[in-house]
Novice: 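The structure is given below, and queries will be raised subsequently.
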Amino acid sequence: MGKVVLVTGVARQLGGRFVRRVQRDPGVDRVIAVDAVPPSHQLGDAEFVRADIRQSAIARILAEYAIDTVVHLDVSGKALGAGGRTAIKETNVIGTMQLLGACQKSPTVQRLVVKSSTSVYGSAPRDPAVFTETTPPKSLPSGGFAKDAVEVEGYVRGFARRRPDVAVCVLRFANILGPHPDSPLADYLSLPVLPTVFGYDPRLQFVHEDDVIDVLGIAASEPRRGTLNSGTFNIAGDGVLLLSQCSRRLGKPTVPVLLPAVTWVGSALRTIGMTDFSPEQIRLLTHGRVVSTVQMRETLGFRPAFTTAETFAEFARSRGPGLLPPETVGGVVDRLAALPLPKGAGPRERGAGAVQTTHGAR
């Protein structure tokens, strides 16, 4: 008998792709796809079960199908359909609690894979240049998806202590991009004009959708020889990009806004429904974030097929041409970056996202 894999969050594109991918694993006998809403895409030969992981029915599903591998992908920063922030948080946090409670009671569960985010490190002016998996955040996220991810990981650590016989793998993904992204950052980068924080040029990392699917497959399988797929791993493509480089490659102009006014801009964008410009995203676009992927390579044994720059190039091609030629945007951005800061606007030399901080940029 092969493995019986349960995948949550299959109504999203990423979840649907992984369901189709894991069915090709010769060691997998059956795939149970779970979500509260029916997916609009095909799931291959997987059996779809409509269920809300916030409800206790998830325990019955684990028992009924004798699930031995759980891949929890229903942790997201963006609502699916008409759901608001409250529904997202309930699914992320309450849903994870219910799922872990069911896994704890299940005698058949042997492996748990959880999708998390590098947003658990937060973004602060005194952040280290590079976060490792054991680096504590300088400032814990105060809300939004980042705080949800922190709470989810806390519950997962508790589960791992209570069920040491279960192999647990937490994958902290950098910003996921590609031809079909589904995230608030992708929505921001899709705006015709990009509002930025005046005086800051944050470093960003990306991971390609295809690499996400591949590493989930590694985490859900038995570890390869010489590797270990239990533990917590940062997942990102090689290299970094500055936000100014992103705007150039998209061919989109930027509108630098003084830091105190950025919150007003974010509120306006949320009000008109263009993008969820949350406080956490504002901090990311101010100070940036870069993580180490040494453990991903040396312990997990995964090497992404796409670098950060290649991932962004795929995303840029999927968006089509911007308002302006990239060379024109580049010249404008360079001139703005050279302007002196107004008194009291915030020192450039401070923070991982300051203009002068270009360490590791490609």
Side-chain angles (χ1 to χ4, degrees), residues 1-36 38-51 53 57-76 95-96 99-100 102-116 156 159-160 163 165-171 173 176 180 207-233 235 296 299-305:
M1 290 291 292
K3 294 192 300 183
V4 182
V5 181
L6 181 142
V7 183
T8 67
V10 300
R12 299 180 183 275
Q13 288 291 333
L14 197 67
R17 284 193 60 187
F18 178 70
V19 166
R20 296 190 293 272
R21 155 69 171 78
V22 76
Q23 292 173 60
R24 301 197 297 268
D25 188 331
V28 173
D29 184 60
R30 195 176 189 185
V31 179
I32 309 301
V34 174
D35 209 309
S40 59
H41 42 258
Q42 296 297 318
L43 297 177
D45 295 328
E47 183 173 346
F48 175 70
V49 178
R50 186 170 184 175
I53 62 171
I58 192 66
R60 176 185 55 79
I61 295 171
L62 290 178
E64 179 180 344
Y65 294 98
I67 303 296
D68 54 59
T69 301
V70 175
V71 181
H72 182 33
L73 303 182
D74 208 356
V75 180
S76 177
T96 298
L99 178 64
L100 294 178
C103 290
Q104 183 177 333
K105 297 175 183 177
S106 171
T108 60
V109 172
Q110 301 174 10
R111 178 170 293 278
L112 170 67
V113 180
V114 178
K115 171 181 172 284
S116 187
V156 172
F159 168 81
R163 285 291 304 271
D165 57 308
V166 176
V168 178
C169 183
V170 176
L171 301 176
F173 291 104
I176 301 173
H180 307 288
V207 58
H208 197 281
E209 298 164 353
D210 293 353
D211 287 325
V212 172
I213 301 302
D214 289 343
V215 76
L216 284 170
I218 291 175
S221 307
E222 292 302 312
R224 301 169 180 175
R225 185 175 181 180
T227 67
L228 179 67
N229 61 356
S230 298
T232 300
F233 302 95
I235 309 296
M296 174 191 75
T299 304
L300 185 60
F302 175 68
R303 298 182 181 276

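Source: prediction; values computed, not measured.
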Novice: Among residues at least two apart in sequence or on other chains, which ones pass side-chain hydrogen bond (donor to acceptor under 3.5 Å, both in side chains) with Asp165?
Specialist: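 Per chain and number, Asp165 pairs via side-chain hydrogen bond (donor to acceptor under 3.5 Å, both in side chains) with Arg163.
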
Novice: Could I get the full list of side-chain hydrogen bond (donor to acceptor under 3.5 Å, both in side chains) partners for Asp74, not counting sequence neighbours?
Specialist: none

Novice: Please list, chain by chain and in numerical order, all residues satisfying side-chain contact (heavy atoms from CB on, under 4.5 Å) with Gln13, sequence neighbours excluded.
Specialist: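 Scan of Gln13 (side-chain contact (heavy atoms from CB on, under 4.5 Å), adjacent residues dropped) gives His41.
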
Novice: Could you give the distance from CZ (Arg12) to CG (Leu73), rounded to the nearest 0.5 Å?
Specialist: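 So the CZ of Arg12 and the CG of Leu73 are separated by 10.5 Å.
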
Novice: Quick one: list whatever passes ring pair (Phe, Tyr, Trp, His ring centres under 6.0 Å) with His208, sequence neighbours left out.
Specialist: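 For His208 the ring pair (Phe, Tyr, Trp, His ring centres under 6.0 Å) partners, ignoring immediate neighbours, are Phe306.
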
Novice: Quick check: closest heavy atoms across Ala33 and Leu43, and the distance to 0.1 Å?
Specialist: CB-CD1, 3.8 Å

Novice: Which heavy atom of Val19 sits nearest to which heavy atom of Ala46, and what is that distance?
Specialist: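 Heavy atoms only, the tightest pair is CG1-CB, 3.4 Å.
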
Novice: If you take all heavy atoms of Val5 and Val7, which pair is closest and at what distance?
Specialist: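 Looks like CG1-CG2, 4.0 Å.
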
Novice: Set out, in order, the CA-CA distance, both residues' side-chain angles and the distance that settles side chain to side chain contact (heavy atoms under 4.5 Å, CB included) for Val166 and Phe159, then state yes or no.
Specialist: CA-CA 9 Å; Val166 176; Phe159 168 81; 3.9 Å; yes

Novice: Is there a side chain to side chain contact (heavy atoms under 4.5 Å, CB included) between Gln23 and Val28 once you walk through the steps?
Specialist: CA-CA 6 Å; Gln23 292 173 60; Val28 173; over 6 Å; no

Novice: Just how far is it from atom CG of Leu112 to atom CG of Leu6, taken to the nearest 0.5 Å?
Specialist: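 If we round to the nearest 0.5 Å, Leu112:CG and Leu6:CG are 10.5 Å apart.
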
Novice: Working to the nearest 0.5 Å, report the span between CZ of Phe302 and CG of Leu216.
Specialist: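 Reported to 0.5 Å precision, the distance equals 9.0 Å.
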
Novice: With side chain to side chain donor-acceptor pair (under 3.5 Å) as the rule and sequence neighbours excluded, what pairs involving residues 211-221 come up?
Specialist: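 Listed once each, the pairs are Asp25-Ser221.
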
Novice: Go through the structure and list residues passing side-chain hydrogen bond (donor to acceptor under 3.5 Å, both in side chains) with Ser230, not counting sequence neighbours.
Specialist: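 Expected list: none.
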
Novice: Among Leu171, Leu14, Ile235, which residue meets the side chain to side chain contact (heavy atoms under 4.5 Å, CB included) test with Lys115?
Specialist: Leu14

Novice: Would Lys105 and Leu62 count as a side chain to side chain contact (heavy atoms under 4.5 Å, CB included) here? Give the steps.
Specialist: CA-CA 10 Å; Lys105 297 175 183 177; Leu62 290 178; over 6 Å; no

Novice: For Arg60, give me all partners under salt bridge (charged side-chain N to carboxylate O under 4.0 Å, His left out), at least two apart in sequence or on another chain.
Specialist: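 Arg60 satisfies salt bridge (charged side-chain N to carboxylate O under 4.0 Å, His left out) with Glu64 only.
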
Novice: Measuring from Met296:CE to Arg303:CZ, what's the distance to the nearest 0.5 Å?
Specialist: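 Met296 atom CE to Arg303 atom CZ measures 8.0 Å (nearest 0.5 Å).
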
Novice: Do Glu209 and Ile176 make a side-chain contact, defined as non-hydrogen atoms from C-beta onward lying under 4.5 Å apart?
Specialist: yes

Novice: For Ala220, what residues pass the side-chain contact (heavy atoms from CB on, under 4.5 Å) criterion, not counting sequence neighbours?
Specialist: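 Checked Ala220 against side-chain contact (heavy atoms from CB on, under 4.5 Å); matches are Phe18, Thr69, Val71, Val113.
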
Novice: Under a 3.5 Å distance rule, please check whether Thr108 uses its side chain to pair with a backbone N or O of Ile67 as donor and acceptor.
Specialist: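 At least one qualifying donor-acceptor pair exists.
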
Novice: Return the set of residues passing side-chain contact (heavy atoms from CB on, under 4.5 Å) with Arg50 (not counting sequence neighbours), or none when no residue passes.
Specialist: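 Checked Arg50 against side-chain contact (heavy atoms from CB on, under 4.5 Å); matches are Pro38, Phe48.
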
Novice: Please name all residues satisfying side-chain hydrogen bond (donor to acceptor under 3.5 Å, both in side chains) with Thr227, sequence neighbours left out, ordered by chain then number.
Specialist: none

Novice: For Asp210, check salt bridge (charged side-chain N to carboxylate O under 4.0 Å, His left out) against everything at least two apart and list the hits.
Specialist: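 Partners of Asp210 under the salt bridge (charged side-chain N to carboxylate O under 4.0 Å, His left out) test: Arg17.
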
Novice: Walk me through it: do Val31 and Asp45 pass the test side chain to side chain contact (heavy atoms under 4.5 Å, CB included)?
Specialist: CA-CA 8 Å; Val31 179; Asp45 295 328; over 6 Å; no

Novice: What's the separation between atom OG1 in Thr8 and atom CG in Asp35, rounded to the nearest 0.5 Å?
Specialist: 7.5 Å

Novice: Within the structure provided, determine whether Ile53 and His72 are in side-chain contact (heavy-atom separation under 4.5 Å).
Specialist: yes

Novice: State the CZ-CG distance between Arg224 and Leu300, to the nearest 0.5 angstrom.
Specialist: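 Those atoms lie 8.0 Å apart.
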
Novice: List for me each residue that meets side-chain contact (heavy atoms from CB on, under 4.5 Å) alongside Ala59, sequence neighbours excluded, and say none if there are none.
Specialist: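 Partners of Ala59 under the side-chain contact (heavy atoms from CB on, under 4.5 Å) test: Ala102.
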
Novice: What are the two closest non-hydrogen atoms of Leu228 and Pro223, and how far apart are they?
Specialist: CA-CB, 4.4 Å

